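Since the structure comes first, as structure tokens, the remarks are kept for the end.
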Amino acid sequence: MAEKRQDPMEEHVLYTDTGAEVRFRGRLFSESSYFDEDEGSLTRLKLYITDDNRQVYSVVSGPSAAKSRRVYVLRVEDDLCHINNGLQDVSLHTDMLLTAVFGLCGINPAQAESLKAALEDTLKAANS
């Protein structure tokens with residue numbers, strides 16, 4: 001008798017502080033958390049990959065009584081990155097988005113090229 005393969009994709013519903021509900025079918029790709037001792041705040045980050053090759057980022061942070069919940073859905077199409085937070089859509093050229101992120105993080109142009117290549121490899125791995 002042939003063994004039935006399990007579908008790694010599951011239905012997910014994530015809620016944001018804006019009242020938005022983000023629904024998708026996907027799988028958890030990675031997660032991490034860190035604690036800021038100065039603020040007394042825990043931040044949990046989760047990255048999901050959807051069945052239609054989008055990335056969904058969930059960020060929950062804050063002290064136990066007052067958590068902030070944000071969700072971002074990213075879809076890369078040719079040279080554009082489409083970002084949705086459950087209520088609004090923004091589309092940016094991928095190079096422009098990376099330049100802004102690297103600038104905000106204080107990454108110099110020389111470092112940015114190697115980091116960009118690593119990010120592209122990660123996206124390819126996530127979408128395989």
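Note that the coordinates shown come from a computational prediction; the quantities given were computed from them, not determined experimentally. For the single chain, residues carry numbers from 1 onward in sequence order.
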In this structure, would [X] and [Y] fall into the same cluster of hydrophobic residues linked by side-chain contacts under 4.5 Å?
{"X": "Leu74", "Y": "Leu47", "value": "yes"}
{"X": "Ile83", "Y": "Val59", "value": "no"}
{"X": "Tyr57", "Y": "Val90", "value": "yes"}

Say whether, by atom type as modelled, one donor and one acceptor occur between the side chain of [X] and the main chain of [Y] under 3.5 angstrom.
{"X": "Asp36", "Y": "Asp38", "value": "yes"}
{"X": "His12", "Y": "Gly26", "value": "yes"}
{"X": "Ser33", "Y": "Arg44", "value": "no"}
{"X": "Thr16", "Y": "Arg70", "value": "no"}
{"X": "Asn85", "Y": "Tyr72", "value": "no"}

**Message:** Take a 6.0 Å sphere around CG of Asp78 and say whether it holds more than 12 heavy atoms from other residues, nucleotides or ligands.
**Reply:**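 Atom CG in Asp78 is not crowded, with 12 or fewer foreign heavy atoms closer than 6.0 Å.
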**Prompt:** For Gln111, does the CD atom sit with more than 12 other heavy atoms under 6.0 Å from it, leaving out its own atoms?
**Reply:**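 Result for CD/Gln111: enclosed.
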To check you understand the geometry: which heavy-atom pair defines the closest contact between [X] and [Y], and what is its length?
{"X": "Lys67", "Y": "Asp17", "answer": "O-OD2, 3.8 Å"}
{"X": "Tyr15", "Y": "Glu21", "answer": "CE2-OE1, 3.2 Å"}
{"X": "Ser30", "Y": "Leu28", "answer": "O-CD1, 3.6 Å"}

Could you measure the distance from the [atom1] atom of [X] to the [atom2] atom of [Y]? Nearest 0.5 Å is fine.
{"X": "Glu11", "Y": "Arg23", "atom1": "CD", "atom2": "CZ", "answer": "8.5 Å"}
{"X": "Asp79", "Y": "Met96", "atom1": "CG", "atom2": "CE", "answer": "12.5 Å"}
{"X": "Ser61", "Y": "Phe35", "atom1": "OG", "atom2": "CZ", "answer": "12.5 Å"}
{"X": "Leu97", "Y": "Cys81", "atom1": "CG", "atom2": "SG", "answer": "5.0 Å"}
{"X": "Arg75", "Y": "His82", "atom1": "CZ", "atom2": "NE2", "answer": "4.5 Å"}

**Prompt:** Would you say the ring centroid of Phe24 lies under 6.0 angstrom from that of Tyr48?
**Reply:**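 Yes: the rings meet the under 6.0 Å criterion.
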**Message:** Could you check whether any side-chain heavy atom of Leu92 comes within less than 4.5 Å of a side-chain heavy atom of Leu80, counting everything from C-beta outward?
**Reply:**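 Of all side-chain heavy-atom pairs linking Leu80 with Leu92, none is under 4.5 Å.
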**Request:** Would you indicate whether the side-chain heavy atoms of Val22 and Val13 approach each other to under 4.5 Å?
**Result:**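 No. Closest side-chain heavy atoms not under 4.5 Å.
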